[in-house]
Structure formats: structure tokens, C-alpha cells
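Data first, discussion second: the structure below is written as C-alpha cells.
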There are 2 protein chains.
Amino acid sequence: MAGSTPKFRRQSAAARRRALIDATLRSLERHGREGASIRRISAIAGVSSGLIHHHFRSRARLIAAAYESLATELQETLYRESADHGGSPRERLSALIRASFAPSILEPRILNVWLVFWSMVMRAPSMRAVHDRTYRRYRSILGRLLQAVGRSRGMRVRARPAAIALSALLDGLWIELCLSPGTFRPTEAVMLCESWVDALCGGALPQLLQPRKRRS
Amino acid sequence: MAGSTPKFRRQSAAARRRALIDATLRSLERHGREGASIRRISAIAGVSSGLIHHHFRSRARLIAAAYESLATELQETLYRESADHGGSPRERLSALIRASFAPSILEPRILNVWLVFWSMVMRAPSMRAVHDRTYRRYRSILGRLLQAVGRSRGMRVRARPAAIALSALLDGLWIELCLSPGTFRPTEAVMLCESWVDALCGGALPQLLQPRKRRS
DNA sequence: CTTGCTACTGGACGATCGATCAATTAGGCT
DNA sequence: AGCCTAATTGATCGATCGTCCAGTAGCAAG
């Protein structure tokens with residue numbers, strides 16, 4: 001008899017917000033575009049729909065928070081993976097490239113999540129802000145790594161354009177791999193990125209190097 | 001008085017289907033993911049909502065037809081642009097790259113359309129089929145062009161991986177330019193693609209060349 | 001045990017969705 | 001001129017959406 005089982009458990013605002021963000025990401029993975037609804041998210045989180053309005057004032061704010069969470073978490077994963085294989089800069093970059101095409105990242109479900117976010121970037125200024133901030137950080141990581149790789153090869157790499165190109169190559173390959181996994185294999189994607197880096201280090205991409213000082 | 005103005009004008013099934021497909025694309029451009037609704041599309045087309053069910057049996061079929069239409073139309077535009085500047089293979093490839101970042105293509109609204117389609121590719125097998133077919137054709141165009149460019153430089157380019165890499169680079173840069181146009185300029189994107197092609201032609205991407213015949 | 005704060009529930013609301021279909025009507029054919 | 005066909009309309013259905021809020025109840029402090 002005793003009402004030993006409470007109907008719900010109270011949690012701190014911070015813990016509940018985190019749980020709701022995680023539920024949002026899981027819902028988007030599972031149901032794609034339709035997973036962005038308040039009712040599906042709250043069902044996965046195991047709470048009532050009203051609770052979302054209590055902690056986030058609107059659905060849009062929850063989605064934006066989830067976007068920020070996913071982006072930073074992914075960057076931390078890639079950065080950690082890179083640092084853990086911490087030999088030369090070139091080895092760290094290779095580790096980051098391989099990690100970008102690891103099975104857990106390639107999960108096509110995850111592309112669904114990004115597509116939902118991207119489709120909101122152009123309509124909601126707050127989403128645009130999240131995108132700009134996280135992508136700048138991403139390119140900064142890539143740029144520093146590329147510069148270090150170049151320096152160890154005696155090359156002065158222009159971080160910004162090099163990072164833009166490599167991130168575009170990584171993203172483009174990743175998207176196509178998620179959209180139709182049968183087109184080519186993840187190892188080919190890794191090879192294509194490594195080849196580009198090798199070409200950069202070999203001086204074959206002169207536009208991406210600092211112009212040599214010319215005397216007189 | 002006189003019922004001189006008919007309430008609607010009948011059209012052939014083919015003409016109406018085409019008009020509805022065009023209205024779908026315009027609706028997706030204007031309203032993003034929310035533009036995929038039957039009512040918005042029919043409103044833009046200036047017809048009743050029931051007419052869509054008459055010509056296409058469901059919303060999904062209309063969307064798939066619109067995807068096919070957009071993809072093939074884009075490919076024809078790029079191919080025509082390439083052929084019109086029909087000097088050397090290298091010039092044709094440059095024209096295609098420049099056309100890929102032309103203002104009309106870079107219109108961020110258009111990314112909205114692609115994002116809606118891509119989000120359906122992983123859930124609807126019919127959309128997956130459209131994607132696979134159109135992307136194979138796209139890579140085929142790029143592959144042949146890259147092979148021709150390589151041949152004119154005395155290189156034997158492996159069409160498949162080269163086309164995969166260049167399409168990924170083009171798409172990745174295009175997506176980022178649409179998502180936040182302020183990050184870098186279209187001319188930089190063109191330069192990054194051209195640099196990659198130059199590296200390929202310069203033999204700096206050996207993995208993308210046919211292995212030289214080795215005797216004895 | 002009692003009190004009070006607030007995390008939390010769950011249903012009501014109006015809007016909009018895709019699908020459906022009986023009724024209409026435009027426009028070519030005889 | 002009248003008919004016939006099929007293109008088109010527009011109302012209707014049940015489902016689902018985001019928002020809102022009055023009320024409930026977990027749980028710590030007193």
C-alpha cells in the first residue's frame with residue numbers, strides 16, 4: 001500500500017536541463033525532423049510536456065541549447081581523440097581525421113540531428129549565433145593543428161584558409177557517407193583527407209602557405 | 001455579371017505536375033521545412049489543396065519528384081556552364097567550379113531546400129533512390145572532367161576517388177557559405193577548389209592517380 | 001509533524017497538419 | 001448547343017502540434 005513510489009522525482013534545475021537536452025538529442029536521432037516535438041522529447045525524457053516550458057521558456061530555446069551541447073561535445077571528443085594519440089602534430093591530425101569517420105560519428109542517425117539544426121540556423125538568429133561560435137572554434141582547432149604540422153615540415157601554413165578547406169572536405173565526405181553509406185568506404189574518406197594534408201605539407205598548395213619573404 | 005471569368009483553368013496533367021513541382025521548390029525556399037506542407041505549396045501554386053492529391057497520390061511523392069527535379073536541373077546548369085566556356089578541359093572545370101559558387105547557387109534559401117530533402121533521404125527509401133541516382137550522375141560528370149584534365153597534363157587520374165573528393169570539397173564549402181555567408185568569401189572557396197585541382201594535376205595527390213605500370 | 005517552496009503534472013486551447021471524397025465546373029468533342 | 005469527362009474545388013476528418021496554466025506533490029527546512 002504505502003505510497004512508497006513517488007510519482008516523480010524532483011531534480012535540480014541544472015540536472016533537469018541537462019537531462020532534457022540529452023533527451024532532445026536522442027529524440028532527434030531516433031525520429032529525425034519529427035523528433036523535435038515537445039511531446040516526443042518529453043516522452044523520451046520520461047517527464048510531462050509541461051516541464052519543458054518550465055525549464056526552457058520555449059521549444060526554440062531547448063533546441064538551441066541542444067545544438068550548442070552537441071557541437072561542443074563533438075569538438076571535445078575529436079580534440080581528446082587527437083590529443084590522446086599525442087605523438088607528432090602529424091599523428092595528432094591523423095587521429096583527428098580517423099576519429100571524424102569513426103563508426104560512432106558516422107552513425108547516419110546523427111546527420112539527422114545536424115540537418116534539423118542547420119535548417120534552423122538560417123531562420124533563427126540565436127541558432128545562427130550558436131553555429132558561428134562553434135564553427136569558429138572548430139576551425140581554430142584545425143587551423144592550429146595544421147600550422148603545427150606545417151611547421152614541423154618547415155612550411156608556414158596559413159591557418160585560416162587551410163582550416164576552411166579541411167573542414168569542408170571533412171564535412172562533405174561525412175555528409176555523403178551518412179546519406180548513402182554504400183557509395184564509398186570510411187577508409188577512403190580518411191585517405192582523401194590524408195592526401196590533402198600531405199599535399200599541403202609537400203608544398204603543393206602554395207596558396208595555403210605564407211608567402212615567402214622576398215628580399216630586394 | 002457574365003460569368004466571363006472562370007474560377008479555375010484546367011491544364012494538362014503534365015503541365016500541372018510541373019507547376020506543382022515548381023511551387024514546391026519555391027515554397028521550400030521561402031519557408032524552409034515548414035514550406036513542405038500541402039497547404040503552403042498549393043497556396044503558392046494558386047490551386048486547392050486537394051489538387052495535389054489528385055496529381056501525386058501523396059505528399060511524399062510530390063517531394064520526391066521535386067528533389068529529382070532540383071538535382072537534375074542543377075546538374076544541367078553546371079554542365080551547361082562548363083560546356084559554354086568550352087576551351088580546354090581545365091577551363092571547363094574552372095567554369096564548373098566558379099558556377100558552383102555563383103550568387104544564384106549560393107542563395108542561402110536554396111540550402112533550406114536541400115536540407116529538407118536530405119533529412120528525408122534516410123527515412124524514405126524512394127528519396128534514397130533519388131539521391132543515389134543523382135549523386136552518381138554528378139560524380140560521373142566530375143570524374144570525366146577530372147580525367148580529361150589529368151590526361152591533358154599527362155596524368156592518369158582515378159576518376160572515382162577524385163570525383164568523391166572534389167564533390168565533397170565543393171559541397172562542404174557551399175554548405176558553410178550558405179550557413180554563414182560572413183565566414184569567408186566565394187572567391188576563397190573557388191581558390192581552395194582550384195588549388196586542390198592544381199595539386200592533383202601536379203602529381204601531389206598520388207593516391208588519386210593510376211599506379212604506374214611497373215615492369216619486372 | 002508541519003510548512004512552504006517550487007519542480008512537476010496533465011489537460012485545455014486554437015492552429016495546422018495530410019488524407020480523403022462528394023460536388024462542381026471547365027473546356028474539348030460530337 | 002448540349003454532353004461528357006476529368007481536372008479542380010473545398011469542406012471534413014482525426015491526429016498532432018506548441019503554448020499555457022491551474023493544480024499537485026516531492027522534499028528540505030523549521
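A, B, ... follow the sequence lines: proteins, then strands. Residue 1 opens every chain. Note that this is a predicted model, so its numbers are computed, not measured.
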Describe the nucleic acid contact of B:A15 in one word from base, sugar-phosphate, nothing, applying a heavy-atom distance below 4.0 Å.
-> nothing
Which part of the nucleic acid, if any, lies within reach of B:L51 when heavy atoms closer than 4.0 Å are counted: base, sugar-phosphate only, or nothing?
-> base
Can you check the [X] [atom1] to [N] [atom2] distance for me, whole Å?
X     : N      : atom1 : atom2 : value
B:R33 : C:dG18 : CZ    : C1'   : 17 Å
B:R40 : D:dC17 : CZ    : C1'   : 13 Å
B:I41 : C:dG18 : CD1   : P     : 8 Å
A:E34 : D:dT16 : CD    : P     : 10 Å

May I ask you to decide if A:E73's main-chain N or O and A:T77's side chain share a donor-acceptor pair within less than 3.5 Å?
-> yes
Side chain A:R160, main chain B:F184, donor-acceptor under 3.5 Å | no
If you check every side-chain atom of [X], which of [options] has the closest atom?
X     : options                : result
B:K7  : C:dG18, D:dC17, D:dG10 : D:dG10
B:I38 : C:dA19, D:dG10, C:dT9  : C:dA19
B:R39 : D:dT19, C:dA19, D:dA25 : C:dA19

Can you find a side chain N or O atom of A:R16 that sits less than 4.0 Å from OP1 or OP2 on C:dC8?
-> yes
Output yes when at least one side-chain N/O atom of B:H53 is less than 4.0 Å from OP1 or OP2 of C:dA19, else no.
-> no
Residues within residues 54-66 of chain B bordering DNA chain D, heavy-atom distance below 4.0 Å | B:H54, B:H55
Contacts of A:A95 meeting side-chain contact (heavy atoms from CB on, under 4.5 Å) (sequence neighbours excluded), chain-then-number -> A:H85, A:R98
Closer to the 5' end of DNA chain C via nearest nucleotide, is it A:V47 or B:A36?
-> A:V47
Of B:S37 and A:Q11, the one whose nearest nucleotide on DNA chain C sits closer to the 5' end is A:Q11
Closest heavy-atom pair and its distance - B:V121, A:L179 = CG1-O, 3.8 Å
Is there a donor on the side chain of B:R10 or the base of D:dA6 sitting less than 3.5 Å from an acceptor on the other?
-> yes
For the side chain of B:R9 and the base of C:dG27, is some donor closer than 3.5 Å to an acceptor across the two?
-> no
Measure the acute angle between the ring planes of A:W114 and A:F117, then classify it against the limits of 30° and 60° as parallel, tilted or perpendicular.
-> perpendicular
Run the salt-bridge test on B:E34 and A:R123 with the 4.0 Å N-O cut-off and return the result as yes or no.
-> no
Would you tabulate the side-chain donor-acceptor contacts of residues 61-72 of chain A under 3.5 Å, counting partners in other chains and residues two or more places apart, or write 'none'?
| from | atom 1 | to | atom 2 | distance (Å) |
| --- | --- | --- | --- | --- |
| A:Y67 | OH | A:H131 | ND1 | 3.1 |
| A:E68 | OE1 | A:R133 | NH1 | 2.9 |
| A:E68 | OE2 | A:R133 | NH1 | 2.7 |
| A:T72 | OG1 | A:E68 | O | 3.1 |
| A:T72 | OG1 | A:S69 | O | 3.2 |

